[in-house]
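Predicted model, so just to flag it, every value in this text is computed and none were measured. Both ligands and their constituent atoms are indexed starting at 1 by order of listing.
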Amino acid sequence: MIIHNADVLDTATLTRRTGYDVRIDKGRITDIVPTEAGHHDPDAIDATGFYLLPGFVNAHAHTSMAILRGSAEDVDEHAWFNEYLWKYEANLAPEDVYWGALLGAAEMLFAGITTVADHYFMGESIVRAFQEIGIRADFAYTLFGLGDDTNRKFDEVLRFNDMYRSRCPRITLSLGPHTPYTCPGPFMKKVVETAHQTHMKMHIHVSESTEQRDSYLKRYGKTPIAVLADQGVLEEGTILGHAAYATEEDLELIATVHAGIVHCPKTYMRFGQLPDILPRALARGITVGLGTDGDASNGSYSILESARLGALLAKSVMLDATTARIEQVVPLLSHGGATVLGQPDLGSVTVGAKADLLLVNKQTAALAPETNVWANLLYALPEGSIDTVIVDGQTVIRHRKLQTVDLDTIIQQCNQRAPSLVATRGKAIQSYPD
Ligand SMILES: [Zn+2]
């Protein structure tokens with residue numbers, strides 16, 4: 001594949017190259033060369049009038065929760081878990097998770113997200129959906145360490161991991177212990193041993209609220225992040241969803257082992273929270289990616305929105321317009337998340353990188369004038385201007401139309417299924433700690 005005459009905006013390095021051809025072979029960028037006047041391959045994608053960007057990376061999500069969007073609004077985090085979501089999730093069947101994953105992945109692709117780090121259950125349904133739609137993913141099958149059946153469920157996940165480990169070219173797997181409060185010490189020990197034996201990284205939620213952090217301090221005299229460090233969960237490559245209320249000592253631990261933090265500002269803001277983690281983590285040089293969490297808490301799957309709100313939240317909470325600067329936040333759209341996932345060949349437009357790319361229509365009112373293209377990207381780019389989305393060298397969206405699956409059927413299925421999923425509240429599988 002050749003992308004002809006593109007205006008290349010590499011968000012990883014904030015470099016711009018106008019008038020370049022990008023060649024792709026076997027899913028990777030093989031050449032980036034100035035466009036020759038008069039020479040035009042008839043099979044090339046003509047990118048005249050388009051920016052070419054690396055696809056965005058959503059480093060923490062629960063994609064299937066798209067089917068539960070709007071089911072718990074204007075409630076705090078405690079009620080969201082205990083009164084709504086954990087009761088609704090008990091109603092989900094594998095086909096609901098499958099259609100929810102297709103809906104969520106479609107939403108992400110239209111928003112320019114080419115890679116998602118997903119954390120959920122019923123992995124077979126999710127992997128099937130991701131493969132059909134063509135999104136790249138790192139999937140962590142959620143592990144709970146509470147309840148009667150944890151050993152059997154853990155073994156099931158191990159079997160799933162064995163079966164899917166190298167089966168799908170665009171999908172990698174992580175181990176997904178849910179949180180410190182749902183995974184007691186002995187269970188976590190098993191998870192860490194398995195991670196080391198199988199050479200898998202871990203993806204976990206931690207310190208999502210002051211409530212979680214403070215209840216650990218009261219009960220154990222340690223923060224949940226310090227407990228993860230003791231247990232061996234906190235190590236190089238571990239993906240920490242949120243860590244929104246990490247203390248300075250926690251950040252020191254995270255920086256020392258080179259774990260990554262995924263910031264999901266819209267979810268925090270919808271829960272009425274005001275964390276200052278982004279500027280503090282950036283100041284320490286910690287690897288940071290952006291996430292959306294699930295649609296049921298975040299309301300949408302957009303990494304542009306996470307970046308925008310992340311920058312604005314940081315400036316507001318610090319009362320400082322000079323913090324979370326454009327050159328710090330724009331690289332988080334793709335390269336930051338790729339680094340958190342330990343996949344350095346994602347998230348940039350360079351020779352050898354995986355060909356996950358976006359074409360953005362420059363004939364867009366919000367993108368003119370080009371006084372500062374990076375500011376336009378961070379603060380103005382409408383997702384409707386993302387015309388073409390390429391994953392692994394495959395065009396999955398062309399001229400705003402999904403090429404791989406039928407969007408109308410997905411929307412129809414989710415509209416049909418959602419009402420019964422939220423009509424009754426099932427038995428919650430866990431409870432959010434007091
Ligand atoms: Zn989450």
Side-chain angles (χ1 to χ4, degrees), residues 57-69 71-72 75-82 84-86 88-89 92 97 100-101 104-105 107-108 113 115-123 126 137-145 174-183 191 201-213 224-225 228 233 238-246 259-273 275 277-278 288-303 305-306 309-310 337 340-341 428-433:
V57 176
N58 185 352
H60 178 76
H62 315 286
T63 310
S64 293
M65 272 192 166
I67 205 165
L68 295 171
R69 189 197 329 259
S71 63
V75 296
D76 67 20
E77 193 176 15
H78 202 276
W80 186 88
F81 275 114
N82 286 335
Y84 298 94
L85 263 297
W86 272 338
Y88 294 148
E89 282 183 335
L92 290 170
V97 170
E107 184 186 0
M108 288 187 203
I113 296 165
T115 297
V116 56
D118 194 75
H119 200 299
Y120 217 55
F121 45 85
M122 300 185 188
I126 294 166
D138 183 74
F139 178 68
Y141 205 123
T142 305
L143 293 161
F144 289 110
S174 290
L175 275 180
H178 178 246
T179 57
Y181 69 82
T182 54
C183 296
V191 175
K201 62 187 180 305
M202 290 171 275
H203 180 175
I204 186 166
H205 297 88
V206 69
S207 275
E208 293 160 86
S209 62
T210 49
E211 200 182 0
Q212 275 181 30
R213 184 194 61 199
I225 290 170
L228 291 186
V233 179
T238 299
I239 304 167
L240 302 172
H242 313 303
Y245 291 93
I261 290 176
V262 187
H263 188 53
C264 308
K266 191 180 180 192
T267 282
Y268 316 143
M269 293 169 87
R270 274 162 58 91
F271 284 145
Q273 299 169 352
I277 183 66
L278 182 63
V288 177
L290 294 166
T292 60
D293 223 345
D295 260 341
S297 63
N298 209 67
S300 62
Y301 288 144
S302 163
I303 282 302
E305 193 175 51
S306 296
L309 291 175
V340 169
L341 301 189
I429 35 173
Q430 312 289 340
S431 84
Y432 189 73

Note to self: Less than 3.5 Å apart, any donor N or O on the side chain of Y181 or E208 sitting next to an acceptor on the other?
What the structure shows: no

May I ask you to check if any N/O/S atom from [X] comes under 2.8 Å of the Zn ion (ligand 1)?
X: H60; result: yes
X: E208; result: no
X: H242; result: no
X: H62; result: yes

Next item on the list: Would you confirm whether the ring centroid of H62 sits within less than 6.0 angstrom of the ring centroid of H60?
Entry: yes

Next item on the list: Kindly indicate, with the supporting measurements, whether the criterion side-chain contact (heavy atoms from CB on, under 4.5 Å) is fulfilled by L92 and I67.
Entry: CA-CA 10 Å; L92 290 170; I67 205 165; 4.1 Å; yes

Next item on the list: Could you tell me whether a side-chain N or O of D76 sits under 3.5 Å from a main-chain N or O of F271, the two making a donor and an acceptor?
Entry: no

Next item on the list: With the Zn ion (ligand 1) as the reference point, give the N/O/S atom of D293 that is nearest.
Entry: OD1

Check: Taking all atoms of both residues into account, what is the closest heavy-atom pair of T292 and S306, and its distance?
Finding: CG2-OG, 4.0 Å

